[in-house]
Amino acid sequence: MRDPSTFRSNRWFHGDQYEHLARRAWLRSEGFTDAAFDGRPVIGICNSWSELTNCNAHLRQVAEAVKRGVWAAGGVPLEFPTISLGEMFMKPTTMLFRNLMSMDVEESISANPIDGVVLLCGCDKTTPAQLMGAASANIPAIMVTGGPMLSGRWHGRPLGSGTDGRKLFEDLRAGRIGEEQWAEVEGCISRSAGHCTVMGTASTMASMAEALGMMLSGGAAIPAVDARRYQLAEASGRRIVDMVCEDLTPSRILTREAFENAVRTDMAIGGSTNAVVHLLAIAGRAGVGLNLDDFDRISRETPYIADIKPSGRHLMEDFYYAGGLPCVMKELLPLLHGGALTVSGRTIEQEVSSVRIRDRTLIRSLDAPLNAEGGTAILYGNLAPNGAVIKQTAASPRLLRHRGRALAFDRYETLRSCIDDDLDVDENTVLVLKNAGPLGGPGFPEWGHLPIPGKLLKAGVDDIVRVSDARMSGTSFGTDVLHVSPESAVGGPLAAVRTGDEIELDVPGRRIDLRVEANEIRRRLADRPAQPPHYRRGYGKLFLDQVTQAHEGCDFRFLAGEERVPA
């Protein structure tokens, strides 16, 4: 146990200078007694609550539960806000602001008299942003996510926010449902606060926080409005006080073994492709050399065993009742680094070895998986020299090996404006979108689940191969090749694709190739017109100047590495 005089907050409040008196006086002005600075650990509650972020709209109540735990354990909770990233509302994309939020979190932690921090998040980018900031600040930190919303229900059919909404929109475009049914869907697909109730990016990144060891075991899948989420929050408030006394920092938890455990767990649950770019960024902040080849190696070794949409059939609420992430990790124990440390002070193996799987139809065994390989595959080839990703468990098996003519678009707006026209397409067409990466988007938007041409939807075609340098929502599905790197905006080979070119996809062989001679590709790239920058000032310019490519995690160059803010 640490001597309280070594706590960071001690430097702010204890001394004989004017500023020490002033700081104590200012806390008293908020109604605190001297218990706030009598040597107890000061716990920051980093809250990304916002009414503009529906996933995080209940985090004020979660924060109150955390405070109960902190006070009960002998700490002093002080809540503070950061920017919040709401996937539904922010333009052009929340991914543009993930790094900004991570900087906000890091600087807010580092600049204030905080000995430990509880991270409150939920929506897609808020979770990795907080983990990135906490890894850089490197004081004791524990994460409490907001949890998935309640499952929707329509005409007796369960609806997963995101996934089923997208499927029903295709039905609307194809004329299979009408406007009245579409209005009904709007009224029942999103029933409560909390993030999407499928294995989208928010659920995936909550699972990654737990698999990394940064969340108390069992926390990722508890529904947002379930009383047990508030119990988890209170327990986390208690635990962070002990973590401060133990000096249990992120650098002790976010090890190479922890990241391999997270990647393996991601593959087993059929997680969002966005987990790739986020885990790369978090690892970069932690000074861990993770790369795309690690993802593909682990994917080949790890079966997909959690039957959750969009790769499977069930919703996150069902997953929780089946036992949640601890049960998946128990099944994976022979493949995991069981000795990896967690925020509880116990190892992964100690946390999950005694849990019981409640539903074997949802959480399968390693011997009877849903797929022999993990959810995400990494592709290379002349179209993606630095890699691309595909969620193979949510793709159409018939299209995993495919060759077809490209229909190429330079801008997303152009594609959207003509997608229901009488295009020259068939079921073998490969739809291609350029200029949708980190620089081209800008911000790496979720445009990669390209809409199927209306002509094909009406003919009963439910999937085609789609290729882009964009991301896609983790709630999406289909044979979508994403994160093509280098992106077209920096002269990557995707920029050379023209309508009529032949593209070959071979997921088992991990290839994506443009069937055009190398000399012709070089000629086309040399003739590519220069693109003016999207931003010339402010944060947008900082992003364009500093962001790395998809295969590097899209963090800022000056933020990655082992160097941390002094504690």
Is there a side-chain contact between [X] and [Y] (heavy atoms, below 4.5 Å)?
| X | Y | answer |
| --- | --- | --- |
| Ser102 | Gln130 | no |
| Pro326 | Ser217 | yes |
| Ser151 | Leu159 | no |
| Met215 | Val343 | no |
| Trp12 | Val42 | no |
| Ile378 | Val389 | yes |
| Phe89 | Thr53 | no |
| Met95 | Val547 | no |

(request) For Phe558, look at atom CZ and say whether over 12 heavy atoms of other residues, nucleotides or ligands are found less than 6.0 Å away. (result) yes
(message) Looking at Glu51, I want to see if its CD is surrounded by more than 12 non-hydrogen atoms of other residues, nucleotides or ligands under 6.0 Å.
(response) no
(request) With rounding to the nearest 0.5 Å, note down the distance linking SG in Cys121 to CG in Leu59. (result) 7.5 Å
(message) Once rounded to the nearest 0.5 Å, what's the spacing between atom CZ of Phe259 and atom CZ of Phe295?
(response) 9.0 Å
Expected output: side-chain [X] to main-chain [Y] donor-acceptor under 3.5 Å:
| X | Y | value |
| --- | --- | --- |
| Ser299 | Asp296 | no |
| Ser161 | Thr197 | yes |
| Asp104 | Leu100 | no |
| Arg8 | Ser110 | yes |
| Arg2 | Thr6 | yes |
| Glu446 | Thr93 | no |
| Glu30 | Leu27 | no |
| Ser476 | Met472 | no |
| Gln546 | Phe543 | no |

(request) Take Leu315 and Ile308 through the side chain to side chain contact (heavy atoms under 4.5 Å, CB included) test and state the conclusion after the steps. (result) CA-CA 6 Å; Leu315 299 176; Ile308 311 166; 5.9 Å; no
Any luck finding a side-chain donor-acceptor pair between [X] and [Y] under 3.5 Å?
| X | Y | answer |
| --- | --- | --- |
| Thr393 | Ser311 | yes |
| Glu317 | Tyr321 | yes |
| Arg40 | Ser9 | no |
| Thr204 | Ser272 | no |
| Asn10 | Ser5 | no |
| His278 | Arg98 | yes |
| Arg557 | Thr548 | no |
| Ser50 | Asn56 | no |

(request) Check Arg360, Arg356, Arg364 against Glu331 for a salt bridge (charged side-chain N to carboxylate O under 4.0 Å, His left out) and give me the one that passes. (result) Arg360
(request) Could you point out which residue of Arg252, Arg346, Arg239 forms a salt bridge (charged side-chain N to carboxylate O under 4.0 Å, His left out) with Glu246? (result) Arg239
Shortest non-hydrogen contact from [X] toward [Y]:
| X | Y | answer |
| --- | --- | --- |
| Thr127 | Ala206 | CG2-N, 4.4 Å |
| Ala134 | Pro250 | O-CG, 3.8 Å |
| Arg68 | Glu234 | NE-OE1, 3.0 Å |
| Tyr320 | Pro223 | CD2-CD, 3.6 Å |
| Ala211 | Thr265 | CB-OG1, 3.8 Å |

(message) Does the structure place the NZ or CZ of Arg471 under 6.0 Å from the centre of the six-membered ring of Phe444, at an angle of no more than 45° from the ring's axis?
(response) yes
(request) Just do the side chain to side chain contact (heavy atoms under 4.5 Å, CB included) check on Leu279 and Leu212 with the steps written out, would you? (result) CA-CA 10 Å; Leu279 285 173; Leu212 283 167; 4.3 Å; yes
(message) Walk me through whether Met149 and Arg191 qualify under side chain to side chain contact (heavy atoms under 4.5 Å, CB included).
(response) CA-CA 7 Å; Met149 65 175 67; Arg191 291 179 51 218; 6.0 Å; no
(request) Could you check Thr273, Thr475, Asn274 and say which one makes a side chain to side chain donor-acceptor pair (under 3.5 Å) with Thr201? (result) Asn274
(request) Assess whether salt bridge (charged side-chain N to carboxylate O under 4.0 Å, His left out) is satisfied between Asp34 and Arg24, documenting all intermediate values. (result) CA-CA 8 Å; Asp34 57 5; Arg24 296 192 299 267; over 6 Å; no
(request) Give me the ring orientation class for Phe97 and Tyr539: parallel if the planes are under 30° apart, tilted from 30 to 60°, perpendicular past 60°. (result) parallel
(message) Checking side-chain contact (heavy atoms from CB on, under 4.5 Å) between Phe80 and each of Asn112, Ile109, Val105, Ile45, which is the one that passes?
(response) Ile109
(request) Just do the side chain to side chain contact (heavy atoms under 4.5 Å, CB included) check on Leu120 and Val118 with the steps written out, would you? (result) CA-CA 6 Å; Leu120 302 187; Val118 182; 4.0 Å; yes
(request) Look at Arg297 together with Asp294 and state whether they make a salt bridge at an N to O cut-off of under 4.0 Å. (result) yes
